[in-house]
Amino acid sequence: MKSKELLIALIISLICGLGLGVWYAHYAQQQTIKHDYSFSSTPTIFVHGWTGTGKSEEPLFASAQNLKIAKRHMIIYVRSNGKLRIKGHLNNKMKNPIVQVIFKNNRAGEVKDAHWLMKIMRVLKTTYHVKRYNAVGHSMGSYAWVYYNMLVGNNAKYPRLERAVLIGGPYDGIINNHKLNQPQNPPLSKLWDDRPNENHLLKNGRPKIIHPEYQKLLDIRSRFPKQARVLNIYGDLLDGSNSDGVITIPSARSLAYLIKNEVTSYHELRVTGANAQHSKLHEYNLTVNKALTNFLWGRNKAIS
């Protein structure tokens, strides 16, 4: 009987020990996170690109959400007529809240998306009292954020931009790959006006070829918020195309000429290899996710 009681006691002791070990590991992880990352009520707003869906941007914040560095609290659906449907809420007690924007018409183009962002940001300011925000965009979502911020600048009617992570942005052209998902009619079809190794950046960073969509930004670049800190992430497949398969490096890096001297800080991150393909830049890409999380919320603001 004593041996049975001893065995039970031993099992209980092991269970308690394992439980304590799990608790301590969780506690240690949380302490590390509190030490390495900052927390505030400033929301980070994610915007997808051409043909994007509700699942497009989730991989970008999945790791941060799993580690409890940030959490999605709101989804804003933009109907084709521009009306908003908002799911969730925001308040100043939340820590690193995430807002996800989903365009029902995901082929409207970056200019239309930028104007829809004006409506969204106005609602966030007036209804949810958002004073500052971070922006994340992929592909045309990146262009939309840049154009939006040039349109509104630091207008007091809208929240002020703090940090922006722009991924695979087509600022000066998109490669015409003759894919079926490309628009067939102007004006959107004219955006696919780039070819691999056709364009290049001059010594001052200005692209040799200025496409109309780039000229649109160039004309109003001085309006971009001066206090902003920007991380521009672009892909290089290392296959000789000097592109991510959709956006050429000159097109993506032409952002620097527009805003580098207009903002508080500007950084670039080149992602290389197979995982640098345009769509894979936001599909659980460890390099991109780490850089994004550190840039937005890291205390040391490391980029890579």
Side-chain angles (χ1 to χ4, degrees), residues 41-62 64-65 70-91 94 96-152 155 157-171 188 224-225 228 230-233 278-279 281-283 288-289 292-293 295-297:
S41 60
T42 301
T44 299
I45 305 170
F46 286 73
V47 174
H48 62 74
W50 179 262
T51 69
T53 67
K55 295 181 179 180
S56 298
E57 305 310 295
E58 288 183 10
L60 283 172
F61 57 79
Q65 189 161 253
K71 183 179 179 180
R72 181 176 61 187
H73 284 276
M74 178 180 286
I75 302 176
I76 301 177
Y77 299 92
V78 184
R79 295 189 175 98
S80 297
N81 60 7
K83 291 186 177 181
L84 308 181
R85 181 169 72 87
I86 299 176
K87 180 180 178 181
H89 67 284
L90 293 173
N91 62 54
M94 293 176 175
N96 297 344
I98 287 171
V99 176
Q100 191 175 5
V101 173
I102 301 173
F103 300 115
K104 289 297 185 179
N105 178 1
N106 56 13
R107 295 169 180 257
E110 73 278 37
V111 172
K112 189 68 174 179
D113 291 349
H115 284 94
W116 281 334
L117 282 174
M118 293 179 71
K119 179 177 288 189
I120 289 169
M121 301 308 288
R122 188 82 178 97
V123 169
L124 290 180
K125 179 70 181 287
T126 58
T127 304
Y128 297 93
H129 311 293
V130 173
K131 296 179 180 179
R132 295 174 296 276
Y133 75 101
N134 298 322
V136 177
H138 173 257
S139 194
M140 281 192 178
S142 295
Y143 186 108
W145 272 128
V146 172
Y147 187 44
Y148 159 80
N149 274 286
M150 289 180 178
L151 290 175
V152 305
N155 188 318
K157 293 181 180 180
Y158 302 90
R160 285 168 62 92
L161 175 65
E162 288 197 345
R163 293 177 178 270
V165 179
L166 306 171
I167 306 166
Y171 310 107
L188 293 180
F224 201 91
V230 177
L231 172 59
N232 181 17
I233 300 176
H278 188 67
S279 294
L281 286 172
H282 69 119
E283 293 178 351
V288 173
N289 287 10
L292 179 149
T293 302
F295 185 77
L296 292 175
W297 303 297

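Scope of the values below: all heavy atoms of this structure, side chains included, with no hydrogens, waters or symmetry mates.
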pair Arg163-Thr42: side-chain heavy atoms closer than 4.5 Å: no
No-hydrogen, no-angle side-chain donor-acceptor test under 3.5 Å, Ser139 and His278: yes
Ring pair (Phe, Tyr, Trp, His ring centres under 6.0 Å) partners for Trp145, two or more places apart: Tyr133, Tyr148
Between Thr44 and Asn134, a side-chain donor and acceptor under 3.5 Å: yes
Considering all heavy atoms, the nearest Leu161-Pro225 contact: CB-CG, 4.4 Å
Candidate pair Val101 and Trp116, rule side-chain contact (heavy atoms from CB on, under 4.5 Å), full reasoning: CA-CA 10 Å; Val101 173; Trp116 281 334; over 6 Å; no
Spatial distance of atom CG (Asn149) from atom CG (Leu117) [nearest 0.5 Å]: 9.0 Å
Results of ring pair (Phe, Tyr, Trp, His ring centres under 6.0 Å) for His48 - residues two or more places apart only: Phe103
Contact check, side chains of Tyr147 and His115, non-hydrogen atoms, under 4.5 Å: yes
Close side-chain approach of Ile86 to Met74, heavy-atom, < 4.5 Å: yes
Sidechain-backbone polar pair: Asn289 side chain, Pro59 backbone, donor-acceptor under 3.5 Å: yes
Pairwise distance CH2(Trp50) to CD(Glu110) - rounded to 0.5 angstrom: 9.0 Å
Under 3.5 Å: donor-acceptor pair, side chain of Arg79, backbone of Lys104: no
Student check: side-chain heavy atoms of Ile120 and Val99 closer than 4.5 Å: no
Value rounded to 0.5 Å, distance of NZ in Lys55 from CD in Glu283: 12.0 Å
Nearest-0.5 Å distance, CG of residue Asp113 to CE of residue Met140: 8.5 Å
Glu58 side chain reached by Gln65 side chain, heavy atoms, under 4.5 Å: no
Working for side-chain contact (heavy atoms from CB on, under 4.5 Å), residues Val152 and Met121: CA-CA 10 Å; Val152 305; Met121 301 308 288; over 6 Å; no
For the student: nearest non-hydrogen atoms of Arg72 and Gln100, plus distance: NH1-OE1, 2.6 Å
Which atom of Val130 lies closest to which atom of Pro159, heavy atoms considered: O-CG, 3.4 Å
Nearest atoms (heavy-atom pairs only) where Ser41 meets Pro97: O-CG, 3.6 Å
Test item: Arg107 and Thr51 side chains (from C-beta on) under 4.5 Å apart, heavy atoms: yes
Minimal non-hydrogen separation, Gly169 against Ser142, with atom names: CA-CB, 3.8 Å
NZ/Lys112: more than 12 non-hydrogen atoms of other groups inside 6.0 Å: no
Derivation and outcome, side-chain contact (heavy atoms from CB on, under 4.5 Å), residues Val78 and Leu84: CA-CA 5 Å; Val78 184; Leu84 308 181; 3.8 Å; yes
Closest contact, heavy atoms only, Lys125 versus Tyr158: NZ-O, 3.9 Å
Reported CD1-to-NE2 distance for the pair Ile233 and His138, which is rounded to 0.5 angstrom: 10.0 Å
Audit row: Ile45, Ile76, side-chain contact (heavy atoms from CB on, under 4.5 Å) steps and yes/no: CA-CA 10 Å; Ile45 305 170; Ile76 301 177; over 6 Å; no
pair Leu292-Trp297: side-chain heavy atoms closer than 4.5 Å: yes
Inter-residue atom distance Lys87.NZ - Arg85.CZ, 0.5 Å rounding: 7.5 Å
